[in-house]
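Taking it in order: structure first as structure tokens, then the write-up.
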Amino acid sequence: MSGPDNLSKLERLRARDGDHCWLCGLPIDFKAEPNSAKAWSIEHLLSKCHGGPEKLENLTLCHPPCNRSLANRSLVKKVEMREKRRRKAWLASIRGQINKVLGA
């Protein structure tokens, strides 16, 4: 087999989404001990209990703790959680930059 058909699920997700956690946006350490905080896990965006398929379109990469925090929530709630975390991180970054410029 040649082309994308012989790539693993992990390789396909990395090629599509990059090497960052879907929820927190921080880098994933693919050499980390399994289930450690910075390791990788596969998250079902639409949870299996809500009828989510095992198709690549429904899967994404997350850190194990992020995956656990998403649990079996609805897709809408998961997106809300993601946006809230990313907004909080962005604001902290902006505050840090302002403080740096002001010499605080």
Side-chain angles (χ1 to χ4, degrees):
M1 232 181 235
S2 64
D5 289 337
N6 66 355
L7 295 175
S8 72
K9 189 184 299 182
L10 174 61
E11 290 169 322
R12 289 176 190 219
L13 289 170
R14 288 180 76 180
R16 184 190 72 193
D17 300 336
D19 292 345
H20 291 81
C21 176
W22 181 85
L23 181 61
C24 71
L26 295 174
I28 294 174
D29 181 357
F30 291 91
K31 294 180 181 176
E33 196 69 32
N35 292 316
S36 65
K38 300 297 178 189
W40 66 275
S41 66
I42 295 178
E43 165 67 11
H44 289 76
L45 293 172
L46 180 59
S47 301
K48 288 181 183 181
C49 70
H50 295 291
E54 191 67 34
K55 293 185 176 184
L56 202 62
E57 295 81 15
N58 187 45
L59 304 176
T60 193
L61 295 171
C62 276
H63 295 118
C66 293
N67 195 332
R68 286 189 291 274
S69 72
L70 292 168
N72 290 327
R73 290 179 170 80
S74 71
L75 178 56
V76 170
K77 182 64 179 167
K78 289 178 181 183
V79 171
E80 287 173 357
M81 290 172 65
R82 179 184 195 217
E83 294 308 311
K84 185 177 180 180
R85 283 189 186 209
R86 300 248 174 134
R87 187 172 36 252
K88 188 176 179 181
W90 179 79
L91 287 172
S93 171
I94 295 298
R95 283 187 198 107
Q97 291 174 28
I98 291 170
N99 289 337
K100 189 175 182 181
V101 168
L102 297 176

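It should be emphasised that the depicted structure is a prediction, and the values quoted were computed from it without experimental measurement.
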For M81, the rest of its hydrophobic cluster, which grows through side-chain links under 4.5 angstrom: W22, L23, L45, L70, L75, V79
Heavy-atom closest contact (P64 atom, A37 atom, distance): CD-O, 4.3 Å
Residue pair P65 / S36: nearest heavy atoms and the distance that separates them: CD-O, 4.2 Å
Derivation of the side-chain contact (heavy atoms from CB on, under 4.5 Å) call for E80 and K77: CA-CA 5 Å; E80 287 173 357; K77 182 64 179 167; 3.7 Å; yes
Would you give the length of the straight line joining atom [atom1] of [X] to atom [atom2] of [Y], rounded to the nearest 0.5 angstrom?
X: C62; Y: N67; atom1: SG; atom2: CG; answer: 5.5 Å
X: L13; Y: L61; atom1: CG; atom2: CG; answer: 4.5 Å
X: R86; Y: S93; atom1: CZ; atom2: OG; answer: 13.5 Å
X: L102; Y: K100; atom1: CG; atom2: NZ; answer: 12.5 Å
X: L56; Y: I42; atom1: CG; atom2: CD1; answer: 8.5 Å
X: H63; Y: H20; atom1: NE2; atom2: NE2; answer: 8.5 Å

Listed partners of K9 passing side-chain hydrogen bond (donor to acceptor under 3.5 Å, both in side chains), at least two apart: E54
Which residues share a side-chain hydrogen bond (donor to acceptor under 3.5 Å, both in side chains) with D19, sequence neighbours left out: R14
Using residues 24-33 as the side-chain source, report each donor-acceptor pair under 3.5 Å to any protein atom, sequence neighbours left out, with the distance given to one decimal.
unit_1	atom_1	unit_2	atom_2	d
D29	OD1	K31	N	2.9
D29	OD1	A32	N	3.4

By salt bridge (Lys or Arg N to Asp or Glu O under 4.0 Å) - contacts of K38 (at least two apart): none
R85 and S69: CA distance, side-chain angles, deciding distance, side-chain contact (heavy atoms from CB on, under 4.5 Å) verdict: CA-CA 12 Å; R85 283 189 186 209; S69 72; 3.6 Å; yes
Side chain to side chain contact (heavy atoms under 4.5 Å, CB included) partners for K55, two or more places apart: P53, E57
Heavy-atom neighbours of N35 CG exceed 12 at 6.0 Å: no
Residues K78, E43: salt bridge by 4.0 Å N-O rule: yes
